[in-house]
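Working notes for the structure below.
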Amino acid sequence: SDVAAVLIDLWLYYSGDADRIAKGLARVTGATLAESWADWMVWQETTPSVRPFAGYATFKAKLMAQFDPAFLEFLDPRRAFAIRPEEIVWGGVAKDGIPALVAPAFTDAATAGWLDPDEAVFGIWIEGDARAYPHRVMDWHEMANDTVGGAPVALAYCTLCGSGVLYDRRVAGQPEPFEFGTSGLLYRSNKLMYDRRTSSLWNHFTGEPAVGPLVGAGIRLATLPVVVTTWRRWRASHPSTRVLSLETGHRRDYSPGKPYGAYFASSALMFPAAATDRRLAVKARVFGVRVIEGARAWPIDGLRAARVVNDAIGTRAVVVVAESGGEGARAWDRGAHRFAFVPGVDGLRDEVGRAWRTTEAALVSPDGERLARLPGHDAYWFAWRNFLGADATLADIR
């Protein structure tokens, strides 16, 4: 059974031999239920007791190097691995084949007539600096290394996971902020990004090093608030916002829906990942928050219906507010308060009827009490559940 990983690798790249490979896999593993390469990848993910032979990592690195020699460095078997090399697959592009943006150009809102009012954007606000990153641009680049409000950040977007996570690029003990690119490699239908200083691979969803010299260093990137909303809503809330320019330095068709429109509209995954938690559909959209007390997700459809949800993450009381007209939400601490949505009122009402202002940084009461915004982001359910584990709870508001 220690050759199963090799046979699964060969199935993907030598599909003309699929029948023979399938028979070989059945013979060496005793498993007969899997009928496709994707099925066998899920089998491999859910059968960690079957380990490849000594030297498999060398085979894997040399196999991947046939697609891009840079993969040989990423997967050098002398490096530390926090993930199983047999679960790393080629995403179909070379290193930087999906080019990251670095200190990209922006324009003011008035010159962004090319954006439809109902188009989706990632909205980021830090220290009064408001930025809109249209999905139609980020779909092609999946990574923006930027500085917003004086903070070095990375908007790391995995189209396969439906997740745009805003990370602080600063890490204590590191000499300078990291700069990230797209490796061209995937892990469980999740982007493996890399940093350009150490060439370590990082798990996009957890913000942790996965392969390379930073594994075991206790590093995890801090998440920051980001909202998925419409250009209409973001511009109305932030008239002075700047917008990611179409002048990216790359030639791409930035029309809406390219290049992943078909994937976003489909209920199926493009690459295999185990999705055994069926409380939600595999690609149901959730809004999730990660804090010290734990991680919790709320189905976007349920949030739209409820508008405001008073909840808790462990011992931490939170309030989640759906973004009207968009796909996302925002979350804040709520202290001892309970909030409600009142139609026609700008803001939230608390348990005694006081109106609170909702700002990107905090909820603000009439007498100046402030409740801090919490880091949250959208994602497909399979990614939230698979990468954050069973302890990442799901709110039952469907």
Side-chain angles (χ1 to χ4, degrees), residues 101 103-151 153-157 159 162-166 224-248 252-258 260-261 264 285 287 300 303-304 307-308 320-332 341-348 355-364 373-378:
L101 300 176
F106 285 80
T107 65
D108 59 34
T111 60
W114 51 274
L115 264 176
D116 184 89
D118 293 321
E119 276 193 58
V121 301
F122 293 107
I124 297 172
W125 183 99
I126 300 175
E127 297 295 334
D129 187 354
R131 308 282 185 96
Y133 299 77
H135 279 212
R136 68 154 91 175
V137 180
M138 290 301 298
D139 285 349
W140 282 104
H141 296 284
E142 298 191 0
M143 178 69 70
N145 296 277
D146 210 346
T147 301
V148 182
V153 298
L155 178 55
Y157 179 32
T159 51
S163 56
V165 187
L166 186 64
L224 301 171
V226 59
V227 65
V228 175
T229 185
T230 63
W231 170 232
R232 184 198 311 275
R233 289 277 300 176
W234 184 257
R235 183 178 182 181
S237 300
H238 305 284
S240 62
T241 187
R242 290 189 288 167
V243 186
L244 187 62
S245 172
L246 290 176
E247 300 300 321
T248 62
R252 296 291 187 275
D253 180 356
Y254 291 120
S255 303
K258 299 208 178 258
Y260 292 102
F264 296 149
R285 298 195 68 84
F287 172 74
I300 292 292
L303 284 174
R304 282 201 195 104
R307 292 299 300 274
V308 177
V320 183
V321 180
E323 176 66 359
S324 177
E327 293 187 345
R330 295 176 178 84
W332 294 268
F341 170 74
V342 180
V345 175
D346 183 18
L348 302 177
W356 290 59
R357 287 190 301 113
T358 57
T359 75
E360 299 293 349
L363 295 179
V364 185
R373 176 98 174 269
L374 299 175
H377 63 87
D378 286 15

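As the structure is a computational prediction, the values presented were derived from the model and not from experiment.
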Verdict with supporting geometry, K258 and D139, salt bridge (charged side-chain N to carboxylate O under 4.0 Å, His left out): CA-CA 7 Å; K258 299 208 178 258; D139 285 349; over 6 Å; no

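- The distance from atom NE2 of H135 to atom OG1 of T159, rounded to the nearest 0.5 Å, is 11.0 Å.
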Counting only pairs under 3.5 Å, give me each side-chain donor-acceptor contact of residues 103-110, with atom names and distances, residues two or more places apart or in other chains.
from	atom 1	to	atom 2	distance (Å)
T107	OG1	T111	OG1	3.3
D108	OD1	A110	N	3.3
D108	OD1	T111	N	3.2
D108	OD1	T111	OG1	3.2

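- Scanning all heavy atoms of the two residues, the minimum distance from H141 to V137 falls at CD2-O, 3.3 Å.
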Side chain to side chain contact (heavy atoms under 4.5 Å, CB included) between R131 and H238: does it pass, once the steps are laid out? CA-CA 9 Å; R131 308 282 185 96; H238 305 284; over 6 Å; no

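- Of all heavy-atom pairs between H377 and V226, the closest is CB-CG1, 4.0 Å.
- Formation of a donor-acceptor pair under 3.5 Å by the R136 side chain with backbone atoms of Y254 is found in this model.
- W125 has its side chain within reach of W234: a pair of non-hydrogen atoms, C-beta onward, lies under 4.5 Å apart.
- When all heavy atoms of E119 and P256 are compared, the pair lying nearest together is OE2-CG, 4.1 Å.
- Qualifying salt bridge (Lys or Arg N to Asp or Glu O under 4.0 Å) partners for R285, counting only residues two or more places apart in sequence or in other chains: E327, D378.
- Residues meeting the ring pair (Phe, Tyr, Trp, His ring centres under 6.0 Å) test with W231, sequence neighbours left out: none.
- Taking the six-membered ring for Trp, Y133 and Y157 have ring centres at least 6.0 Å apart.
- Although no hydrogens or angles enter the test, the distance criterion places no donor-acceptor pair under 3.5 Å between the side chain of R357 and the main chain of V364.
- Once rounded to the nearest 0.5 Å, the distance linking CZ of R307 with CD of E323 reads 9.0 Å.
- Listed for the T230 side chain is a donor-acceptor partner under 3.5 Å among the backbone atoms of R233.
- Contact of the P225 side chain with the L166 side chain is not registered, since no non-hydrogen atoms from C-beta on lie closer than 4.5 Å.
- No donor-acceptor pair under 3.5 Å is formed between the side chain of S163 and the backbone N or O of V165.
- Here the closest non-hydrogen pair linking N145 and A154 is OD1-CB, 4.3 Å.
- Side-chain contact between L155 and L101: absent, with no pair of heavy atoms (C-beta onward) separated by less than 4.5 Å.
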Worked verdict on W332 versus V321 for side chain to side chain contact (heavy atoms under 4.5 Å, CB included): CA-CA 9 Å; W332 294 268; V321 180; 3.6 Å; yes

Could you walk me through whether T248 and R252 satisfy the side chain to side chain contact (heavy atoms under 4.5 Å, CB included) test, starting with their C-alpha distance in whole Å, then the side-chain angles of each, then the deciding distance to 0.1 Å, before giving a yes or no? CA-CA 9 Å; T248 62; R252 296 291 187 275; 5.8 Å; no

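- At least one side-chain heavy atom of R242 sits under 4.5 Å from a side-chain heavy atom of D129.
- Considering all non-hydrogen atoms of both residues, M143 and A156 come closest at CE-CB, 3.8 Å.
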Given L303 and V320, is the side chain to side chain contact (heavy atoms under 4.5 Å, CB included) satisfied, shown in steps? CA-CA 8 Å; L303 284 174; V320 183; 3.8 Å; yes

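- Here the side chain of R330 pairs no donor or acceptor atom with the backbone of L374 at under 3.5 angstrom.
- With salt bridges taken as basic N to acidic carboxylate O contacts below 4.0 Å, none links R232 and D116.
- The backbone N or O of V148 lies less than 3.5 Å from no partner atom in the side chain of D146, so there is not a single donor-acceptor pair.
- To the nearest 0.5 Å, the span separating CH2 on W114 from OG on S245 amounts to 7.5 Å.
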